[in-house]
Enquirer: 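Next up is a structure, given as structure tokens.
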Amino acid sequence: MSAEPIASKVLELLRESREYARYLGELGVETISPAVNQTLLSTTPDASADVEAAVKLKREVPPRAQSTLASMAPQPTPGHPVQLGPTAPPASLFGDLFPSPTPLAKSTETLEDIWNDIGDCTRCGLCEGRTQVVNTHGNHKARLMFVGEAPGADEDAQGKPFVGRAGQLLTKIIEAIGLKREEVLIGNVNRCRPPGNRQPTLEEAAICRPFLFREIAAVQPEVIVVMGNTAVRNLLETREGITRIRGKFQDFRGIKVMPTFHPAYLLRDPSKKRETWEDLKKVRDYLDSPH
């Protein structure tokens, strides 16, 4: 291979590596493993010396994100190649580096155990502006769980998720599929209100979401409805937006997941209520069907 194609491939790989490392870095991942390095090198054998000099990333999970990423991603599989070049981005945050995760094992924890562990949380900067921690609320044996982004002003004041205008709409949605609010479980990725109701950062979400995963393991709902892009990306670890995957059942460690619009978005754009209703009818039909 001549010098020019090698240089082009190295630059292309560097661009992709830099963007991928930045994306994972925001989640708290600091390095990429030698096993992944070797996989990258094996895709361009003629340029391996140049690539090896250019890409020196190792993967380690820092303590603050270890419980999150370790629970979601098995170890890399050597020899499983990474796609290079102008291909579509992988649906999974970790692309093709990891095999499909095993089903979520039933936890022996109770929700109270998890909430006691959370305590008066100061793990990230959101604690500085909140009034109180807003934990998941509802039926501890629920078949259906709803997950949103983070508490708003009303939730921060009352200490319960989805009690403001968006929460009132969510209650109507739940009742429309033949359930009562007290029969389901409702929570958020983050438990503290971000300043000005802004979207939680990836770091804030990575610190908080392991508690959500532990709740899911403890309750084992049959279906989880994830509402809005933040919830979708943190539960499913996908880069695809809600408009692209809503209405289609996804999988979270063996649990059915239905992505749909956040009730707050429906208040801003009522035209999306019809699509949301179609999504929830699929959830209702699944829960009513033998499986």
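Small disclaimer: the values here were computed from a predicted structure and weren't measured.
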Enquirer: Name the atoms and distances for all side-chain donor-acceptor pairs under 3.5 Å in residues 126-135, with sequence neighbours left out.
Expert:
{"from": "Arg130", "atom 1": "NH1", "to": "Cys121", "atom 2": "O", "distance (Å)": "2.7"}
{"from": "Arg130", "atom 1": "NH2", "to": "Asp120", "atom 2": "OD1", "distance (Å)": "2.5"}
{"from": "Arg130", "atom 1": "NH2", "to": "Cys121", "atom 2": "O", "distance (Å)": "3.1"}
{"from": "Thr131", "atom 1": "OG1", "to": "Asp156", "atom 2": "OD2", "distance (Å)": "2.6"}
{"from": "Gln132", "atom 1": "NE2", "to": "Asp156", "atom 2": "O", "distance (Å)": "3.1"}
{"from": "Gln132", "atom 1": "NE2", "to": "Ala157", "atom 2": "O", "distance (Å)": "2.9"}
{"from": "Asn135", "atom 1": "OD1", "to": "Arg191", "atom 2": "NH1", "distance (Å)": "2.9"}

Enquirer: Please tell me if the side chains of Asp154 and Phe162 come closer than 4.5 Å, counting only heavy atoms from C-beta onward.
Expert: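 Side-chain contact under 4.5 Å: no.
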Enquirer: To the nearest 0.5 Å, tell me how far Leu236 CG sits from Ile245 CD1.
Expert: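 Taking CG in Leu236 and CD1 in Ile245, the distance rounds to 5.5 Å.
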Enquirer: Is any side-chain heavy atom of Val232 closer than 4.5 Å to a side-chain heavy atom of Gln250?
Expert: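 When only atoms from C-beta onward are counted, Gln250 and Val232 do not touch, as no gap falls below 4.5 Å.
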Enquirer: How far apart are the closest heavy atoms of Phe213 and Leu235, and which atoms are they?
Expert: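 Smallest interatomic distance, heavy atoms only, reads CE2-CD1, 3.7 Å.
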Enquirer: Do Val163 and Val189 belong together in a cluster built from hydrophobic side chains that touch within less than 4.5 Å?
Expert: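 Not linked; separate clusters.
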Enquirer: Do Asn234 side-chain atoms and Thr230 backbone N/O form a donor-acceptor pair below 3.5 Å?
Expert: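 Side chain of Asn234 to backbone of Thr230, a donor-acceptor pair under 3.5 Å: yes, one is there.
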Enquirer: Given side chains that start at C-beta, do those of Glu155 and Arg193 come closer than 4.5 Å, heavy atoms only?
Expert: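 Glu155 does not reach Arg193 side chain to side chain.
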Enquirer: Can you tell me how far CG of Leu104 sits from CZ of Arg253, rounded to the nearest 0.5 angstrom?
Expert: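 Going from the CZ atom of Arg253 to the CG atom of Leu104 covers 5.0 Å.
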Enquirer: Is the side chain of Arg123 donor-acceptor paired with the backbone N or O of Ile118 at a distance under 3.5 Å, no angle test?
Expert: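 Confirmed, Arg123 side chain pairs with Ile118 backbone.
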Enquirer: Could you go step by step and tell me if Arg198 and Glu204 meet the salt bridge (charged side-chain N to carboxylate O under 4.0 Å, His left out) rule?
Expert: CA-CA 12 Å; Arg198 65 162 171 77; Glu204 290 162 352; 2.8 Å; yes
Enquirer: Give a yes-or-no answer on whether the side chains of Asp279 and Thr276 include a donor-acceptor pair shorter than 3.5 Å.
Expert: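 On atom types as modelled, these side chains do not qualify, holding no pair under 3.5 Å.
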Enquirer: Would you give the length of the straight line joining atom OH of Tyr286 to atom CG of Leu280, rounded to the nearest 0.5 angstrom?
Expert: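 Going from OH on Tyr286 over to CG on Leu280, the span is 15.5 Å.
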Enquirer: Indicate the atoms forming the closest heavy-atom contact of Gly167 with Arg181, along with that distance.
Expert: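 So the two residues come closest at O-NH1, 3.5 Å.
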Enquirer: Taking C-beta and beyond as the side chain, do Ile173 and Trp277 meet within less than 4.5 Å on heavy atoms?
Expert: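 No, every pair of side-chain atoms sits at 4.5 Å or beyond.
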Enquirer: Give the minimum heavy-atom separation between Lys180 and Glu183, together with the two atoms involved.
Expert: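 So the minimum-distance heavy-atom pair works out to N-OE1, 2.7 Å.
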Enquirer: Check Ala166 against Ala264 and note the closest heavy-atom contact, atom names and distance.
Expert: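 For Ala166 versus Ala264, the nearest heavy atoms are CB-N, 3.7 Å.
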Enquirer: Taking all non-hydrogen atoms of both residues, which atom of Lys248 and which atom of Pro259 are closest, and how far apart?
Expert: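 Shortest heavy-atom separation between Lys248 and Pro259 comes out as O-CD, 3.3 Å.
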Enquirer: If you count the non-hydrogen atoms of other residues, nucleotides and ligands that lie under 6.0 Å from NZ in Lys141, is the total more than 12?
Expert: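 Atom NZ in Lys141 is not crowded, with 12 or fewer foreign heavy atoms closer than 6.0 Å.
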Enquirer: Quick one: does Asn139's side chain have a donor or acceptor within less than 3.5 Å of a partner on Leu185's backbone?
Expert: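 No, because the side chain of Asn139 does not come within donor-acceptor range (under 3.5 Å) of the backbone of Leu185.
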Enquirer: Any sub-3.5 Å donor-acceptor pair from Glu222's side-chain atoms to Lys256's backbone N or O?
Expert: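 Absent.
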Enquirer: Indicate yes or no for a side-chain donor-acceptor contact from Asp269 to the backbone of Ser271 under 3.5 Å, with no hydrogens or angles considered.
Expert: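 Checking the backbone N and O of Ser271 against the side chain of Asp269, a donor-acceptor pair under 3.5 Å is found.
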Enquirer: Atom CD1 in Ile255, atom CD1 in Ile216: separation rounded to 0.5 Å?
Expert: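 Ile255 atom CD1 to Ile216 atom CD1 measures 6.0 Å (nearest 0.5 Å).
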Enquirer: Side chains of Met227 and Pro263: closer than 4.5 Å at any heavy-atom pair?
Expert: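 Yes, side chains in contact.
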Enquirer: With a 4.5 Å cut-off on side-chain heavy atoms, are Cys124 and Glu203 touching?
Expert: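 Counting from C-beta outward, Glu203 and Cys124 never come under 4.5 Å.
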Enquirer: Going by heavy atoms in the side chains, are Leu144 and Leu287 under 4.5 Å from each other?
Expert: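 Leu144 vs Leu287: side chains touch.
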Enquirer: Less than 4.5 Å apart, any side-chain heavy atom of Leu212 and any of Met145?
Expert: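 The answer is yes, as the side chains (C-beta and beyond) meet within the 4.5 Å cut-off.
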Enquirer: Using 4.0 Å as the upper bound for N to carboxylate O, is an ion pair formed by Glu175 and Lys172?
Expert: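 No, Lys172 and Glu175 are not salt-bridged.
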Enquirer: Roughly how far, to the nearest 0.5 Å, is OH of Tyr265 from CD of Glu149?
Expert: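 Between atom CD of Glu149 and atom OH of Tyr265 there are 14.0 Å.
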Enquirer: Evaluate Phe252 against Val226 for side chain to side chain contact (heavy atoms under 4.5 Å, CB included), listing each step before the verdict.
Expert: CA-CA 11 Å; Phe252 173 79; Val226 284; over 6 Å; no
Enquirer: Run Ile174 and Ile186 through side chain to side chain contact (heavy atoms under 4.5 Å, CB included) and show every step you take.
Expert: CA-CA 11 Å; Ile174 293 169; Ile186 303 174; 4.0 Å; yes
Enquirer: Could you report the tightest heavy-atom contact between Pro200 and Ala150, atom names first, then the distance?
Expert: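 For Pro200 versus Ala150, the nearest heavy atoms are CG-CB, 4.0 Å.
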Enquirer: Roughly how far apart are Met258 CE and Lys282 NZ, rounded to 0.5 Å?
Expert: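 These two atoms lie 5.5 Å from each other.
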Enquirer: Is it true that Lys272 and Glu275 make a salt bridge, defined as a side-chain N closer than 4.0 Å to a carboxylate O?
Expert: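 Yes, this pair counts.
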Enquirer: Under 30°, 30 to 60°, or over 60°: which ring-plane class applies to Trp115 and His140, parallel, tilted or perpendicular?
Expert: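 Judged by the thresholds at 30° and 60°, the geometry between Trp115 and His140 is perpendicular.
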